[in-house]
Amino acid sequence: IRHAALRKEEEGLVSMCEERARMLQDQFAVSVNHVHALAILVATFHYEKHPPALDQDTFAEYTARTSFERPLLSGVAYAQRVEHADREGFERQQGWIIKTMKHEPSPVQDEYAPVVYSQETVSYIEGLDMMSGEEDRENILRSRASGKAVLTRPFRLMSNHLGVVLTFPVYHVDLPPDAKEEERVAATAGYLGGSFDVESLVENLLRQLAGNQELVVNVYDVTNSSDPLVMYGSEVPLGIPSPWHICMLDFGDPFRKHHMVCRYRNKP
Ligand code: WA2
């Protein structure tokens with residue numbers, strides 16, 4: 001009888017963990033797909049129309065009205081690639097100066113990625129060079145070299161919440177799937193991205209599920225298996241002998257590995 005009870009408890013843990021992992025992965029995937037569509041929207045209306053048929057007001061309205069399609073994103077934005085030789089012309093045309101993510105005027109760089117369009121929920125990144133932040137910069141470089149969606153490691157976003165940033169590259173021309181890295185970099189127009197506010201939006205998601213009270217859920221970036229990074233949940237003291245279950249997660253960036261760890265709360 002004791003064994004049967006224990007087994008039932010562990011089965012419950014496994015099924016609750018799998019349900020949460022599936023739900024998180026699905027909501028992540030739909031959010032990524034919609035950001036992909038936004039990257040195509042910018043390519044179509046900003047770059048393939050002359051003059052561009054997109055402006056900040058239109059972008060803000062469209063992204064506000066479609067935010068239900070991106071349940072885990074706190075906001076999306078478009079950062080334009082500006083090479084140093086074009087900086088002065090860009091700043092004169094925009095009527096503002098490129099700033100760093102610390103809100104200082106940007107020092108001279110080879111190139112910049114100032115935000116020109118933003119959803120109102122992240123309007124605080126407008127005009128900021130997203131290459132001035134280490135995590136954002138790595139994402140920008142990796143996305144444009146691969147042509148694919150990429151994710152940062154978990155870090156404190158400018159909202160001060162723990163999360164990750166998603167980036168899609170936007171190119172001036174339609175590139176073949178087998179285009180070389182140099183061709184991709186040369187054809188790069190900018191970067192469409194969004195911030196996954198994991199800390200608050202995953203909390204909301206899990207709160208709605210049955211069994212939330214008894215379960216402790218953590219999500220880790222385990223890209224470097226010897227240095228797991230907390231992406232969601234609080235750091236758990238090691239060596240707790242209560243049963244736990246691990247579910248693999250696929251957030252669509254093959255460079256990164258994630259998993260979910262579930263345990264029962266307050267088990268002796
Ligand atoms: N968006 C919102 N909050 C952030 C952030 C970010 N990056 N980085 C740190 N806090 C416009 O990859 C291009 C968005 C970056 C995209």
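Fair warning: this is a prediction, and the values are worked out from it, not measured in the lab. Atoms within each ligand, like the ligands themselves, are counted from 1 in listed order.
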Specify whether [X] and [Y] have parallel, tilted or perpendicular ring planes, treating 30° as the upper limit for parallel and 60° as the lower limit for perpendicular.
X: Phe28; Y: Phe251; answer: parallel
X: Tyr117; Y: Phe59; answer: parallel
X: His84; Y: Tyr112; answer: tilted

Q: Show which atoms of ligand 1 fall inside a sub-4.0 Å distance from at least one heavy-atom site of Thr167.
A: 12 (O)

Q) Distance only, no hydrogens: is a donor on one side chain within 3.5 Å (strictly under) of an acceptor on the other, for Gln119 and Arg70? A)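 Short answer, yes.
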
(Q) Side chains of Asp55 and Thr58 only: does a donor on one sit below 3.5 Å from an acceptor on the other? (A)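 Note: Asp55 and Thr58 side chains meet the donor-acceptor criterion.
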
Nearest protein heavy atom to [atom], by residue and atom, and its distance?
atom: atom 11 (C) of ligand 1; value: Ala77 O, 3.6 Å
atom: atom 2 (C) of ligand 1; value: Ser195 OG, 3.4 Å
atom: atom 16 (C) of ligand 1; value: Gly193 CA, 3.7 Å
atom: atom 6 (C) of ligand 1; value: Met130 CE, 3.6 Å

Q | Nitrogen or oxygen of Asp136 less than 3.5 angstrom from that of ligand 1 | A | yes

Q. Do any N/O atoms on Tyr191 end up under 3.5 angstrom from N/O atoms on ligand 1?
A.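 No, since none of the N or O atoms of Tyr191 sits under 3.5 Å from an N or O of ligand 1.
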
Q | Lys148 atom NZ: more than 12 heavy-atom contacts under 6.0 Å | A | no

Q) Does the pair Cys262/Cys247 show an SG-SG distance of less than 2.5 angstrom? A)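 No, the SG atoms are not under 2.5 Å apart.
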
Q: Classify the contact between Ile125 and ligand 1 as side chain, backbone, both or neither, using a heavy-atom distance cut-off of under 4.0 Å.
A: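 Under 4.0 Å from ligand 1, Ile125 contributes side-chain atoms alone.
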
Q: For ligand 1, indicate whether the residue Met158 contacts it via side chain, backbone, both or neither (heavy-atom separation under 4.0 Å).
A: both

